[in-house]
Structures are given as structure tokens and as C-alpha cells.
Protein chains: 2
Amino acid sequence: MAPIVSGIALAEIAALMGDVARANILSCLMDGRALTASELTWHSGVSAQTASGHLAKLSEARLISMTKQGRHRYYRLASPEVAQAIEALMAVASFGPKRHRPVGPKDEALRRARTCYDHLAGRLGIALADALTGQDYLVLSDSAGVLTEKGQRFLCSFGIGLEEGGKSGRRGLCRTCLDWSERRPHLAGRLGAALCTRMFDLGWVERIKDSRALTITASGQRGLKEVFGIEPQG
Amino acid sequence: MAPIVSGIALAEIAALMGDVARANILSCLMDGRALTASELTWHSGVSAQTASGHLAKLSEARLISMTKQGRHRYYRLASPEVAQAIEALMAVASFGPKRHRPVGPKDEALRRARTCYDHLAGRLGIALADALTGQDYLVLSDSAGVLTEKGQRFLCSFGIGLEEGGKSGRRGLCRTCLDWSERRPHLAGRLGAALCTRMFDLGWVERIKDSRALTITASGQRGLKEVFGIEPQG
DNA sequence: GGAACGCTTCGGCCGCGGCCGAAGCGTTCC
DNA sequence: GGAACGCTTCGGCCGCGGCCGAAGCGTTCC
């Protein structure tokens with residue numbers, strides 16, 4: 001009779017994610033940005049009133065957080081843990097019974113390169129992880145990684161400073177995350193986030209409107225080749 | 001409009017976990033053992049017919065798998081990925097709005113030591129991870145780890161052989177898993193499973209009936225002290 | 001100040017899915 | 001062979017929760 005309590009707790013959270021409209025909202029927020037209630041309404045597939053109700057439920061359960069700004073209300077995922085749980089569920093979902101719906105160009109774009117909460121995913125994310133380990137910048141033991149000294153110097157030269165935050169310590173420096181499209185882990189944690197931010201800053205990647213998918217710019221193609229030896233596409 | 005597809009897939013899986021009876025069933029199976037439909041019925045809190053329906057749904061979605069044996073049907077989690085998703089959800093659930101129900105002795109037992117799928121969790125699991133890293137047997141970069149040579153020798157002397165499986169390679173040697181009660185990662189993957197198995201074999205830990213909780217035996221107390229420098233409890 | 005906008009609250013409808021009683025089917029036991 | 005057991009299938013009930021129309025409230029714009 002022991003696990004009843006944990007069962008209830010599990011069911012509560014899972015049920016929140018188990019509604020299509022709410023799952024759509026959470027999926028949108030998986031790129032880590034904050035979106036307005038209107039934007040989320042649009043993606044959710046239901047009316048504004050209904051979406052508002054869903055946002056209230058998600059907020060109350062602390063899966064998302066809200067900040068007011070003028071007459072807008074911005075919602076974002078409440079924590080990386082929430083993102084991780086969603087990603088883990090998507091990984092399970094992708095194993096499912098051959099539900100490979102007709103794969104459209106949007107899906108292909110997502111598989112090529114996308115953001116996953118605050119870091120890079122898709123083939124680009126995997127290629128990056130492979131490149132860093134291949135050059136001995138990182139030892140990746142399947143589900144997380146340790147930077148080598150060589151790797152620290154490299155990142156520094158690439159414009160990334162990973163100063164140890166006082167409180168957080170080495171926590172979360174290099175987590176990984178199971179990539180649902182590639183079914184292999186990509187880089188998350190502070191390192192993953194820093195790489196992602198740097199690539200946006202350099203103009204190597206750009207967001208595709210209304211999507212988590214990214215385009216790799218011309219300078220991105222060059223840069224990835226030069227710095228990481230990655231040649232996206234083929 | 002992009003994420004609609006992934007939203008549906010996410011919602012499908014989450015909804016399966018989002019029913020209290022099904023969540024109870026999944027929680028029971030989190031220790032990695034296979035249980036009969038009757039046992040799961042007992043834990044689920046609903047009638048046998050209803051539980052049977054839930055088991056059918058979970059099976060069809062490939063969250064659990066079934067094997068017949070005589071007039072029994074044994075169910076178990078279908079994959080480590082499913083366990084990981086559940087654990088990630090429980091981690092989110094435990095952050096929740098101070099829903100600390102009256103903590104009973106059973107809950108305390110779970111926090112002390114329990115199995116999590118095929119490895120150890122709770123304070124014992126965390127202490128073990130700390131001990132291994134403290135002795136430089138393992139470099140634990142937050143969400144996974146790499147064994148040192150010293151560590152490999154140690155494990156060998158402790159009776160654990162981690163031969164590289166041909167196909168699986170280094171995959172999953174040392175994953176980690178966020179412990180919902182301690183809120184820090186404990187050891188999972190092949191290493192976590194091997195440590196857990198070894199401790200059962202040595203008679204250091206024993207299962208508490210109808211629970212994921214474990215008791216640490218007298219020889220376990222001694223062994224943990226000698227080999228790992230761990231003194232459980234206080 | 002009034003209109004447009006962004007978002008939420010309130011009410012009431014409705015259907016999906018969980019529930020159990022009854023029945024059925026395969027296996028084991030003696 | 002018959003009874004007990006383990007589990008599932010079938011039917012029909014019922015209520016929770018998602019849904020939208022209407023209304024309301026704060027903010028911005030001119």
C-alpha cells in the first residue's frame with residue numbers, strides 16, 4: 001500500500017501535462033522564452049477563455065510562472081526540472097508504436113536544429129556534442145559530461161566564460177538531455193545554455209518564426225565548419 | 001503553429017500517467033520488478049476489472065510490458081526511459097506548493113533507502129554517490145559520471161564486473177537520476193544497477209514488504225562503514 | 001474620456017473516460 | 001470433471017473537467 005502517496009503526486013503533475021491544449025502550451029514554452037497569453041492561446045488550439053483557465057492551472061501547480069508587463073502577461077516554464085520532465089516524456093512518446101505521421105517540412109526543420117529550453121537540440125545539438133568530445137574538450141559519459149582543461153581553454157577562446165556561480169557551484173555545468181528526434185543525448189546545463197547563447201550572439205543561428213526550429217545562417221555554416229569541424233546538412 | 005504535433009504526443013503519454021490508479025501502478029513498478037495483475041490491482045486502489053483496463057492501456061502505449069506465466073500475468077515497466085520520465089515527474093511534483101502531507105514512518109523509510117527502478121535511492125543512494133566521488137572513484141559532473149581507473153579497480157575488488165557489453169558499448173555506464181526526496185542526483189545506469197544488485201547479494205539491504213523501501217541489515221551497516229565509510233542514520 | 005486591447009471570471013452545457021457488476025475464458029488443483 | 005483462481009471483456013452509469021458565450025476589469029492609445 002506504500003506508493004499511493006507518490007502515485008497521487010505523480011498523477012497530479014502528469015494530468016496537468018496530459019491535456020492537449022496544456023501540452024501544446026508547454027511545448028511552446030520548451031524553448032525557454034516567455035510568451036504572452038495571446039501567443040499561447042494561438043498555439044493551444046482553444047479559445048482565449050479556455051487557454052486562460054489552463055494557464056491558471058499550470059501556474060498554480062508551479063509548472064509555469066508569470067510576469068506582468070503593461071497589459072500583457074508573460075508566461076514561461078517555472079524551472080529546468082519542468083523542462084526535463086517534458087523532454088523525458090517526449091522521449092518516451094517518440095518510442096511509441098510507429099506513430100510516424102506524415103513528416104512535413106516543419107518536422108524536418110525541427111529535427112535539423114532547434115532549441116530545447118535554453119540549449120541546442122536536433123542534429124545540430126548532437127553534432128556539437130560529438131565535436132566537443134571528438135576534440136577531447138569534453139568527456140561525455142552518456143548522460144553528462146566533464147570539461148577537460150583543454151576544453152576550458154577552448155571555450156574561453158570561443159568567447160564563453162563559465163565562471164563558477166557562488167551559490168550554484170559546479171551544479172549543472174554540463175548536464176545532458178535525451179534528444180527526442182535523434183535519441184541520443186545533447187548538451188544541456190550551463191554549458192549547453194552558454195553555447196546556445198553564443199551562437200545566437202554570433203548570428204550563426206536564427207529562430208524560425210513561431211517555432212522552436214532554427215536556421216543555420218551562412219556565417220553559421222562557415223563558423224561551425226571552422227571552429228567545430230561541423231558541416232550541417234549534406 | 002508548429003508544436004501542435006509534439007503537444008499531442010506529449011499529452012498522450014502524460015495523460016496515461018495522469019490518472020491516479022495508473023500512476024499508482026506505475027509507481028509500484030518503479031522498482032523494476034515485474035508484478036502480477038492482482039498485486040497491481042491491490043496497489044491501484046480500484047477494482048480488478050478497472051485495473052485490468054488500465055493495464056491494457058499502459059501496455060498498448062508501451063509504457064509497460066507483459067509476460068504470461070501460468071495463470072498469472074506479470075507486468076513491468078517497458079524501458080528505463082519510462083522510469084526516467086516518471087522520476088522526472090516526481091521530481092517536479094516534490095517541488096510543488098508545500099504539499100507536505102503528514103510524513104508517516106513509511107515515508108521516512110522511503111527517504112532513508114529505497115530502490116528506484118534498478119538502482120538505489122534515498123539518503124543511502126546519495127551517500128553512496130558521495131562516497132564514490134569523495135574517494136576519487138568517480139567524477140560526477142552533476143548529472144552523470146565517469147569512472148576513474150582507481151574506481152574501476154575498486155569496483156572489481158568489490159565484486160562488480162562492468163564488462164563492456166558488445167552492442168551497448170559505454171552507453172549508460174553511469175547515468176544519474178534526480179532523487180525526489182533528496183533533490184540531488186543518485187547513481188543510475190549500469191553502475192547504479194550493479195551496485196544495487198551487489199548489495200542485495202551481500203545481504204546488506206533487504207526489501208520491505210509491499211514497498212520500494214529498503215532496510216539496511218546489520219551486516220550492511222558494517223559493510224557500508226568499512227567499504228564506503230558510510231554510517232547510515234545517526 | 002472613450003474606444004480598443006489583453007486577459008480573466010462566471011455560468012452552464014456536454015461528452016469522454018473512469019467506475020463497477022455481471023459474465024466469460026484459460027489455467028491450476030485434486 | 002468440477003471447483004477455485006487469475007484475469008479480461010462487456011454494458012451501462014455517472015461525474016469531472018474541458019469548452020465557449022457573455023461579461024468584467026485593468027491598461028494603453030489618442
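None of these values were measured; they are calculated from a predicted model.
Distances shorter than 4.0 Å separate none of the side-chain N or O atoms of A:T50 from OP1 or OP2 on D:dG18. At the phosphate of D:dG6, neither OP1 nor OP2 sits under 4.0 Å from any side-chain N or O atom of B:Y75. Dashed line: the shortest gap from a side-chain N or O of A:R22 to OP1 or OP2 of D:dG18 is under 4.0 Å.
In this structure, NE2 of A:H54 is placed 14 Å from C1' of D:dC16, rounded to the nearest angstrom. When rounded to the nearest whole Å, the span between CD of B:Q49 and C1' of D:dG6 equals 13 Å. Rounded to an integer number of Å, the gap from CZ of B:R73 to P of C:dG26 is 11 Å. Computed from coordinates, the A:D19 CG to C:dG17 P distance equals 11 Å when rounded to whole Å. When the P atom of D:dG6 is taken as reference, atom CE of B:M66 falls 17 Å away, rounded to whole Å. The CH2-C1' distance, from A:W42 to C:dC5, rounds to 18 Å in whole Å. The nearest whole Å value for the distance from the CG atom in A:L58 to the P atom in C:dT8 is 12 Å. B:R71 has its CZ atom 7 Å from the C1' atom of D:dG6, to the nearest Å.
The side chain of B:A21 lies closest to C:dC19 when the candidates are D:dC5, C:dT8, C:dC19. Among the nucleotides C:dC20, C:dG6, C:dT8, the one closest to any side-chain atom of A:A48 is C:dT8.
Along DNA chain C, the nucleotide nearest to A:H72 and the one nearest to A:A56 differ in position, and the one closer to the 5' end is contacted by A:H72.
Within 4.0 Å (heavy atoms only), A:K57 reaches sugar-phosphate atoms of the nucleic acid but no base atom. In this structure, A:Y74 reaches neither bases nor backbone, as no heavy-atom distance under 4.0 Å exists between it and the strands shown. Counting non-hydrogen atoms under 4.0 angstrom, B:T36 reaches the backbone sugars and phosphates but no base. Using a 4.0 Å heavy-atom distance criterion, A:A37 is classed as a sugar-phosphate-only contact.
The minimum heavy-atom distance between B:G203 and B:S219, with the atom names listed, is O-OG, 3.4 Å. The two residues A:L16 and A:R22 make their nearest non-hydrogen contact at O-NE, 2.7 Å.
Counted by atom type alone, A:E39 and A:T36 present one or more donor-acceptor pairs between their side chains at under 3.5 Å.
C:dG12 is paired with D:dC19 under the Watson-Crick or G-U wobble criterion, all donor-acceptor distances under 3.5 Å. Using the Watson-Crick or G-U wobble rule with both distances under 3.5 Å, C:dC5 pairs with D:dG26.
Remark: side-chain polar atoms of B:R198 are paired, donor with acceptor, to backbone N or O of B:F158 under 3.5 angstrom.
The residue from A:T41, A:L63, A:V20, A:L40 that alone fulfils the side chain to side chain contact (heavy atoms under 4.5 Å, CB included) condition with A:I25 is A:L40.
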